[in-house]
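To keep things clear, I will list the structure first and then write my remarks on it.
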Protein chains: 2
Amino acid sequence: MPRTESAITNFHGFLQDQGLKLTSERAALVREIFSIHYHFEADELLFKMKEKSVKISRATVYRTLELLVKSGLVRRVHLGEDHYHYEHVSGDSHHDHLVCTTCGGVIEFLDEPLEKRALEICEKKKFRPTFHNLQILGICDSCRRKGEEPEAPDRVTMIAARAMKLRK
Amino acid sequence: MPRTESAITNFHGFLQDQGLKLTSERAALVREIFSIHYHFEADELLFKMKEKSVKISRATVYRTLELLVKSGLVRRVHLGEDHYHYEHVSGDSHHDHLVCTTCGGVIEFLDEPLEKRALEICEKKKFRPTFHNLQILGICDSCRRKGEEPEAPDRVTMIAARAMKLRK
DNA sequence: AGTTAATTGCGACTGAGTCTCAGACTCCGG
DNA sequence: CCGGAGTCTGAGACTCAGTCGCAATTAACT
């Protein structure tokens with residue numbers, strides 16, 4: 001799977017166009033990001049690098065993510081609550097998200113008629129779209145089956161889930 | 001315009017159902033919120049109260065907003081970047097947003113075919129939606145006209161714009 | 001190899017949002 | 001109309017994501 005290396009090449013090209021440099025830190029981050037086939041958070045990435053004993057500072061992680069977003073190799077997504085999540089762009093394209101408020105799971109989808117309709121709306125409003133972001137919050141099938149509406153939308157477990165992430 | 005008072009009545013009902021109380025602070029916040037006919041941020045609300053010399057602490061503002069969201073009288077929206085924005089629900093319903101990345105302006109819209117399509121997608125995926133949130137980022141008509149693509153998406157001015165908001 | 005501008009890490013900082021707890025208030029029953 | 005139980009408030013400390021400034025380092029072109 002040479003996807004990762006081609007991503008680095010792409011990124012390198014982008015950096016050169018901007019008069020910027022491809023450093024070992026940046027390359028390592030791209031490699032890591034393209035091995036994560038899911039959404040991730042900035043601090044999660046930082047933590048993974050630390051686990052692998054690749055020393056990269058928080059600032060660099062954030063700076064690199066910003067560059068990657070600008071280059072188009074990585075996309076920023078809002079999922080349900082809180083702060084940002086990221087995902088790498090796999091050559092192919094855009095999709096939207098169904099986010100389960102009970103288990104936190106995310107289902108991706110791409111729906112042509114919906115995309116088309118969104119463009120028509122923009123046209124009507126004379127708005128030139130560059131990107132869009134649709135999340136539908138709700139309850140996924142499996143959560144619905146086990147226990148109808150298992151209480152509050154589980155802020156608690158989501159927080160607990162990330163409590164482990166020691167900082168620094 | 002008795003909308004505000006009926007909102008307070010609604011909220012009172014909601015609170016009672018939960019065994020909670022309608023305090024003067026909560027009422028004042030509801031009154032303020034229903035006089036803002038646009039999106040606002042939590043700290044902005046705090047600031048407005050301060051301006052009017054109605055003393056309400058930050059904690060109370062956040063706590064009340066949470067209750068209002070739960071009660072359905074206020075909606076949380078993501079707009080473009082950063083943190084949350086809120087808007088009151090005006091009896092009528094849901095809408096989505098076109099957000100201009102140049103001037104920060106927001107155009108609201110409600111499009112039936114699009115809403116319908118979103119529901120169909122949920123059905124297909126056996127997902128029970130409770131809410132959705134669509135933002136389309138791009139360039140609005142007037143920004144497009146004056147100067148094609150006036151540089152970077154103006155993070156700077158957005159930050160400057162809020163720099164004035166002294167804390168406390 | 002040398003130069004120079006870009007990059008890094010560090011630690012301090014910011015800003016939104018949360019938590020704790022003592023004192024204040026609401027609301028209900030009497 | 002009063003008292004008590006339990007909710008609510010304000011203040012300030014705290015958290016957590018993200019940013020910034022700066023001195024030391026490094027990529028990349030010559």
Side-chain angles (χ1 to χ4, degrees), chain A residues 8 11-30 40-47 49-50 53-69 76 78-79 81-86 155-156 158-168, chain B residues 8 11-30 40-47 49-50 53-69 76 78-79 81-86 155-156 158-168:
Chain A
I8 292 182
F11 191 38
H12 196 174
F14 168 82
L15 290 171
Q16 288 189 316
D17 286 353
Q18 313 277 312
L20 306 179
K21 295 165 183 173
L22 178 66
T23 61
S24 63
E25 288 84 355
R26 288 177 181 172
L29 284 170
V30 173
F40 59 91
E41 312 173 21
D43 266 22
E44 194 179 327
L45 185 56
L46 180 62
F47 185 65
M49 301 313 280
K50 204 149 282 161
S53 335
V54 182
K55 285 211 70 190
I56 296 193
S57 74
R58 183 201 316 301
T60 299
V61 168
Y62 280 101
R63 285 186 285 230
T64 303
L65 277 172
E66 199 181 327
L67 287 171
L68 282 164
V69 169
R76 238 179 191 180
H78 306 268
L79 297 179
E81 300 291 317
D82 280 320
H83 51 287
Y84 286 121
H85 291 243
Y86 298 84
R155 186 162 189 70
V156 182
M158 290 177 75
I159 289 171
R162 98 162 39 136
M164 308 286 73
K165 288 186 350 195
L166 24 102
R167 187 147 217 218
K168 157 164 296 182
Chain B
I8 293 181
F11 191 39
H12 196 175
F14 167 82
L15 290 171
Q16 288 190 315
D17 287 352
Q18 313 277 312
L20 305 178
K21 294 165 183 172
L22 177 66
T23 62
S24 63
E25 287 84 354
R26 289 177 180 170
L29 284 170
V30 173
F40 60 91
E41 313 172 21
D43 267 21
E44 194 179 326
L45 186 56
L46 180 62
F47 185 67
M49 300 314 280
K50 206 149 279 161
S53 336
V54 181
K55 283 211 72 189
I56 297 193
S57 72
R58 180 199 318 299
T60 299
V61 169
Y62 280 101
R63 286 187 285 232
T64 303
L65 279 172
E66 199 182 326
L67 287 171
L68 283 164
V69 169
R76 239 179 188 179
H78 307 269
L79 297 178
E81 301 291 316
D82 278 320
H83 51 287
Y84 286 122
H85 290 243
Y86 298 85
R155 185 163 188 68
V156 182
M158 289 174 75
I159 289 171
R162 95 163 44 137
M164 308 285 76
K165 287 184 352 192
L166 25 101
R167 188 144 216 222
K168 152 163 300 184

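Naming convention: chains lettered A, B, ... in sequence-line order (proteins, then strands); numbering from 1 in each chain.
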Problem set entry | Nearest-0.5 Å distance, CD1 of residue B:Ile56 to CZ of residue B:Arg63 | 11.0 Å

Exercise. So does A:Lys55 get a side-chain nitrogen or oxygen closer than 4.0 Å to the phosphate oxygens (OP1/OP2) of C:dC10?
Worked result: yes

Problem set entry | Between P of D:dG18 and CG of A:Asp43, the distance in whole Å | 7 Å

Problem set entry | From A:Lys55 atom NZ to A:Met49 atom CE, the distance as rounded to the nearest 0.5 Å | 12.5 Å

Seminar exercise, completed: When rounded to whole Å, the CZ to C1' distance for the pair B:Arg26 and C:dC25 reads 11 Å

For this session: Report, as a single string ordered 5' to 3', how protein heavy atoms within less than 4.0 Å touch nucleotides 21-30 of chain D: B base, S sugar-phosphate only, - not at all.
Result: B-----BS--

Problem set entry | Presence of B:Arg58 side-chain N/O under 4.0 Å of C:dG17 phosphate oxygens OP1/OP2 | no

Exercise. OP1 or OP2 of C:dG17 sitting under 4.0 Å from any side-chain N/O of B:Tyr62?
Worked result: yes

For this session: Calculate the interatomic distance between A:Phe40 atom CZ and D:dA17 atom C1'; express it in whole Å.
Result: 15 Å

Exercise. Rounded to the Å, how far apart are B:Leu45 CG and C:dA16 P?
Worked result: 13 Å

Exercise. Where each residue is assigned the nucleotide of DNA chain D containing its nearest heavy atom, which of B:Gly19 and B:Ser57 is assigned the position nearer the 5′ end?
Worked result: B:Gly19

Exercise. If you take all heavy atoms of A:Ala28 and A:Val54, which pair is closest and at what distance?
Worked result: CB-CG1, 4.4 Å

Seminar exercise, completed: Rounded to whole Å, CG of B:Leu67 lies from P of D:dT9 at a distance of 9 Å

For this session: Rounded to the nearest angstrom, tell me the gap between atom CG in B:Leu46 and atom P in D:dT9.
Result: 14 Å

Exercise. At what distance, to the nearest 0.5 angstrom, does CD of B:Glu66 lie from CG of B:Leu68?
Worked result: 10.5 Å

Problem set entry | For A:Tyr86, side chain to side chain contact (heavy atoms under 4.5 Å, CB included) partners two or more places apart | A:Phe40, A:Ala42, A:Leu65, A:Val69, A:Val74, A:Arg76, A:Tyr84

N/O donor to acceptor pairs below 3.5 angstrom from side-chain atoms of residues 14-26 of chain A, sequence neighbours left out:
| from | atom 1 | to | atom 2 | distance (Å) |
| --- | --- | --- | --- | --- |
| A:Thr23 | OG1 | A:Glu25 | OE1 | 3.4 |
| A:Thr23 | OG1 | A:Arg26 | N | 3.2 |
| A:Arg26 | NH1 | A:Lys21 | O | 2.7 |

Problem set entry | For atom CD of B:Glu66 and atom C1' of C:dG17, their distance in whole Å | 11 Å

Exercise. Just how far, in rounded Å, is P of C:dC27 from CD of B:Gln18?
Worked result: 15 Å

Problem set entry | Angle between terminal axes - the helix from C:dA1-D:dT30 to C:dG30-D:dC1, 5 pairs each end, rounded to 10° | 30°

